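Owing to the predicted nature of the structure, the values given are computational and were not obtained by experimental measurement. When reading the values below, keep in mind they use all heavy atoms of this one structure, side chains included, and skip hydrogens, waters and symmetry mates.
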Amino acid sequence: MTVGRTLALFDVDGTLTVPRKQADKQTSAFMQELRKYVKVGIVGGSDLHKICEQLGPDATTEYDYFFAENGLVAYKDGEVLAIQSLKKHLGEDNIKALVNWILHYIADLDIPIKRGTFVEFRNGMINVSPIGRNCSQEERDEFERFDQDAKVRKTMVAQLREKFAHLNLTFSIGGQISFDVFPQGWDKTYCLRFVENDFDTIHFFGDKTFEGGNDYEIFSSEKTLGHTVTSPIDTMQQCTDLFIKPVAGTVPPV
C-alpha cells in the first residue's frame, strides 16, 4: 500500500490520550495502523519527556514526525530536525520580569487550593498554573470545574497580555490547570514550517480548537484542514472515516 502526500497531525491531551494520561493500547495500535494510509505526526505543547511519558519512550521513532513544544523540538523519522530556545529569544531580563509578575499575581490570587510548581520554564515556553502543577488528578478535575465559572486563567491571561504587550507574546489556555506563554508565531503552527512543502494536504486533529485554546491557531490555519475531536475514540473514528474506509472499504473496530 502506497502512502500519498497527505500528513495527519495530532494533538496529544484530549486527542490521543485522556489529559495527562498514557495512551491506551488500542489508540497506540490504531495510530501505527494509520501510518499505512497517511504520514502521521505528533504536535504537543509539552516538553519531550512529558509527551514520551504519554505516548511511550520510543515515540520519536514510532511516528513520521514528532514535534514537542509546538515544534521547537522537532524530529523526523527519529532524527532531530531543530531545537529553538526561549531563553535566547527573550533574554533573561524579560523572562525574570515576566516570572516575577506571575508569582506576585498568583500569591494574591484567592482560589480554593494551591499546591506547587506554579511556573514551569520549558525550552520554548513558560507554563503557568494558578493551582500549581503538583496537584493530584482529583484536584486537577476540581480546578477545571471551578475555572469554568471563575475564569481564573482567562482573567490572568487578559492582564498579562496588557502588561507585557511590548514582548509580543501569545497566551494559550490548554489542558485542565494551566496556560502557556510563548512568542507570537510559536504556537502549534510553528511545526508547519517543517512539513508544509512536503505534503499536498495536512490534516490537524485537536480538542482545544476554540479561540484561545492551544489548538486554535493550527486548526484555523489556511495551511491545514482542521478537525475538532472530543476523545481518543472520536479521533480514531474520524480518521477511519477520512483515511481508512475510503481505501479499505471496511471500518476496522475502534
Would you give the length of the straight line joining atom [atom1] of [X] to atom [atom2] of [Y], rounded to the nearest 0.5 angstrom?
X: Leu9; Y: Thr224; atom1: CG; atom2: OG1; answer: 8.5 Å
X: Tyr65; Y: Ile42; atom1: OH; atom2: CD1; answer: 13.5 Å
X: Lys39; Y: Leu34; atom1: NZ; atom2: CG; answer: 12.0 Å
X: Leu160; Y: Met156; atom1: CG; atom2: CE; answer: 5.0 Å
X: Ser220; Y: Phe204; atom1: OG; atom2: CZ; answer: 10.0 Å
X: Leu48; Y: Ile83; atom1: CG; atom2: CD1; answer: 9.0 Å

For Phe179, ring-ring contact (aromatic ring centres under 6.0 Å, His included) partners two or more places apart: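 Partners of Phe179 by the ring-ring contact (aromatic ring centres under 6.0 Å, His included) criterion come out as none, since no residue qualifies.
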
side-chain hydrogen bond (donor to acceptor under 3.5 Å, both in side chains) partners of Gln22, counting only residues at least two apart: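 If we apply the side-chain hydrogen bond (donor to acceptor under 3.5 Å, both in side chains) test to Gln22, skipping adjacent residues, there are no hits.
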
side-chain hydrogen bond (donor to acceptor under 3.5 Å, both in side chains) partners for Glu62, two or more places apart: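 Checked Glu62 against side-chain hydrogen bond (donor to acceptor under 3.5 Å, both in side chains); zero matches.
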
Keeping [X] on the side-chain end and [Y] on the backbone end, is there a donor-acceptor pair under 3.5 Å?
X: Glu139; Y: Ser136; value: yes
X: Thr27; Y: Ala23; value: no
X: Asp64; Y: Gly41; value: no
X: Thr189; Y: Glu217; value: no
X: Glu79; Y: Thr61; value: no
X: Thr209; Y: Gly206; value: no

Answer yes if the side chains of [X] and [Y] hold a donor-acceptor pair under 3.5 Å, and no otherwise.
X: Gln176; Y: Gln137; answer: yes
X: Thr6; Y: Thr201; answer: no
X: Thr17; Y: Gln54; answer: yes
X: Arg35; Y: Gln32; answer: yes

Residue pairs fulfilling salt bridge (charged side-chain N to carboxylate O under 4.0 Å, His left out) with at least one residue in [range], sequence neighbours excluded:
range: residues 84-109; value: Lys87-Glu92
range: residues 182-196; value: Asp11-Lys188, Lys188-Asp215, Glu196-Lys223
range: residues 199-213; value: Arg5-Asp200

If every non-hydrogen atom of [X] is compared with every non-hydrogen atom of [Y], which pair is closest and at what distance?
X: Pro183; Y: His89; value: CG-CD2, 3.4 Å
X: Ile218; Y: Cys191; value: CD1-SG, 4.1 Å
X: Val119; Y: Val99; value: CG1-CG2, 4.2 Å
X: Phe164; Y: Ala97; value: CZ-O, 3.7 Å

With sequence neighbours excluded, give me every side chain to side chain donor-acceptor pair (under 3.5 Å) pair touching residues 40-50.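 Checked against side chain to side chain donor-acceptor pair (under 3.5 Å) - neighbours excluded - the pairs reaching residues 40-50 are His49-Glu53, Lys50-Glu120.
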
What pairs meet the side chain to side chain donor-acceptor pair (under 3.5 Å) rule with one or both residues in residues 153-167, with sequence neighbours excluded?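 Residue pairs passing side chain to side chain donor-acceptor pair (under 3.5 Å), neighbours aside: Asp147-Arg153.
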
Do [X] and [Y] sit in one hydrophobic cluster, given that two such residues count as connected whenever their side-chain heavy atoms are within less than 4.5 Å of each other, even indirectly?
X: Phe121; Y: Leu103; result: yes
X: Val195; Y: Leu225; result: no
X: Val80; Y: Ile51; result: yes
X: Phe10; Y: Tyr216; result: no
X: Ile173; Y: Phe210; result: no

For residues 66-78, which side-chain donor-acceptor pairs fall under 3.5 Å, sequence neighbours excluded?
{"from": "Glu69", "atom 1": "OE1", "to": "Asn123", "atom 2": "N", "distance (Å)": "3.1"}
{"from": "Glu69", "atom 1": "OE1", "to": "Gly124", "atom 2": "N", "distance (Å)": "2.5"}
{"from": "Asn70", "atom 1": "ND2", "to": "Trp186", "atom 2": "O", "distance (Å)": "3.1"}

Can you list everything that forms a side-chain contact (heavy atoms from CB on, under 4.5 Å) with [X]? Sequence neighbours excluded, please.
X: Ser231; value: Ile233, Asp234
X: Ser172; value: Phe182, Asn214
X: Leu109; value: Tyr105, Ile111, Lys114, Pro130, Val152

For His203 and Phe243, I'd like to know if the aromatic rings sit close, meaning centre-to-centre distance below 6.0 Å.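 So the answer is yes for these two rings.
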
Dump the intermediate steps for side-chain hydrogen bond (donor to acceptor under 3.5 Å, both in side chains) on Thr15 and Thr235, then the final yes or no. CA-CA 6 Å; Thr15 302; Thr235 299; 5.1 Å; no

